[in-house]
Protein chains: 2
Amino acid sequence: MARETPVPRPTDAELQILRVLWRAGPSTVREVQASLAQARATGYTTVLKLLQIMTEKGLVEREDAGRAHIYRPRQTEEQAQGRLVTDLLDRVFGGSAQQLVLRALAARPASSSELAEIRRLLDDLEGEQTE
Amino acid sequence: MARETPVPRPTDAELQILRVLWRAGPSTVREVQASLAQARATGYTTVLKLLQIMTEKGLVEREDAGRAHIYRPRQTEEQAQGRLVTDLLDRVFGGSAQQLVLRALAARPASSSELAEIRRLLDDLEGEQTE
DNA sequence: TGACACCTACGAAGAGCTTCGTATATAGTT
DNA sequence: AACTATATACGAAGCTCTTCGTAGGTGTCA
C-alpha cells in the first residue's frame, strides 16, 4: 500500500477551479473554462494544464467520457473550507478561533439575520459542551 | 506625490517575521533571527534578505541605529488580520462571514468562556446596526 | 595595525505558480 | 480521403518565493 503525500493547500488559481467544480458538479475542461472566463479571461490550455497538475496533486480526480475527461473535486467544499480556515487560524491567529471570528465580523459586518444564525450556532455548540 | 502600490498580502515566511515583530516590537535582524530560530532553523542572511524585500514591499519600515537597522511593521497585527481574513472570506467563502464563522468554530471548538465572549461581540455588533 | 566579529548588500540557485504555444490524436463532415 | 473542430499532452517562458554564499564595510580589542 503506497503512502500518499497529503493533499496540499490549493493555490489561488486552483481554488478558483475548485469553486467552479463545487458549484457546477463534475465538469469537462471546456465547461470549467467557460465558467471561469466570465469572471476572468483564462486560456483553454491554461485550465487544462491546471487540471492536470491538480490531478497529480490529488486535488481532483478524472474519469474518461468519450474523448474528453470529466473532473471532480476530491474534497467537498466544506472539507476544503475547514482546512483553509484551520490553516489561517494557525498561521495568523495563533490558533484562537475567537480572535478570528472577531476579526471576520469586524471586517465584514453581517446582517441581523446572519447574526441571529450565528447565535443559533453558538447555542448548538454550547449544547455539545461537556458541562 | 507618488502613487504607491498597495501593500501586498504577506507570504508565509514574511508572516512569520511580522508575528515576531508584533510580539517583540521593533527589532534588529539579529533579534528576529534569534526569535525565529527557536521554532525553525533560519539562516541569518535569509532573514536579512526577507526584511529587505519586505521593506521594498512596504510591509515593514526601518530606521538606522548605529551600524544596524531596526525594523518595525507598517501595519498593526489587527489590520493585517483583518486584511487576511477578508481575503479568505472572498476567495473561499464567497464573502459570507457567517459561513466562515461556522467553519472556524467547527474546525477548532472554542471553550464556553470564549463562546460567551463571542456572544458579547454579537451583542455589540447588533447594537450598532441601523434598526 | 592586524585579527576578529558584526553589519548590510547583492547575486543566484532551486522550487513552485501561471500562462500559453505547439504537437498530436481522433471524431465527424463533405 | 481530406478538412475541420476539438481533445489531451507537454515543454518552456516569466514570475515569485525562499534560501544561502560571498563580498565589502566598520567598530573593537589585543
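Both backbone and side-chain heavy atoms feed into the values below; hydrogens, waters and symmetry mates do not. These numbers come from a predicted model, not from an experiment. Chain naming here is simple, since letters A, B, ... match the order of the sequence lines and numbering starts at 1 in each.
Residue Tyr44(A) places at least one side-chain N or O closer than 4.0 Å to OP1 or OP2 of dT8(D). Distances shorter than 4.0 Å separate none of the side-chain N or O atoms of Thr46(A) from OP1 or OP2 on dT18(C). For dC10(C), the OP1/OP2 oxygens have no side-chain nitrogen or oxygen of Gln52(B) closer than 4.0 Å. Put simply, Arg40(A) has a side-chain N or O that comes within less than 4.0 Å of OP1 or OP2 on dT19(C). Close to dA5(D), at under 4.0 Å from its OP1 or OP2, lies no side-chain N or O of Arg30(A). Under 4.0 angstrom from either OP1 or OP2 of dA7(D) there lies no side-chain N or O belonging to Lys49(A).
When all heavy atoms of Arg62(A) and Thr55(A) are compared, the pair lying nearest together is CD-OG1, 4.3 Å.
Computed from coordinates, the Leu50(B) CG to dT16(D) P distance equals 15 Å when rounded to whole Å. Look at CD on Glu56(B): it is 11 Å from P on dG11(C), rounded to the nearest Å. With rounding to whole Å, Leu59(B) atom CG is found 14 Å from dT16(D) atom C1'. Rounded to an integer number of Å, the gap from NE2 of His69(A) to P of dT6(D) is 18 Å. In this entry the distance linking CD of Glu14(B) with P of dT18(D) reads 6 Å, nearest Å. Here the P atom of nucleotide dT19(C) and the CG atom of Asp12(A) are 10 Å apart, to the nearest Å. When the C1' atom of dT19(D) is taken as reference, atom CG of Leu36(B) falls 14 Å away, rounded to whole Å. In this entry the distance linking CE of Met54(B) with C1' of dC17(D) reads 13 Å, nearest Å.
Using a 4.0 Å cut-off between charged side-chain N and carboxylate O, Arg83(B) and Asp87(B) make no salt bridge. Ion pair Arg9(B)/Glu14(B) not flagged as a salt bridge, since none of the NZ, NE, NH1 or NH2 atoms sits closer than 4.0 Å to an Asp/Glu carboxylate oxygen. Ionic pairing of Glu126(B) and Arg119(A) is present here: one or more N-O contacts between side-chain nitrogen and carboxylate oxygen are shorter than 4.0 angstrom.
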Between Arg91(B) and Arg19(A), is the side-chain contact (heavy atoms from CB on, under 4.5 Å) condition met? List the steps. CA-CA 9 Å; Arg91(B) 284 188 302 114; Arg19(A) 296 192 74 199; 5.9 Å; no

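If you check every strand for non-hydrogen atoms under 4.0 Å, Thr11(A) touches sugar and phosphate atoms only.
Between dT18(D), dA9(C), dA9(D), one nucleotide has an atom nearer to the side chain of Thr45(B) than all others, and that is dA9(C). Taking the side chain of Leu48(A) as heavy atoms from C-beta on, and the options dA9(C), dG21(C), dT8(D), the nearest nucleotide is dT8(D).
In this structure, Ala41(A) and Arg67(A) both approach DNA chain C, and ranking their closest nucleotides by distance from the 5' end singles out Ala41(A).
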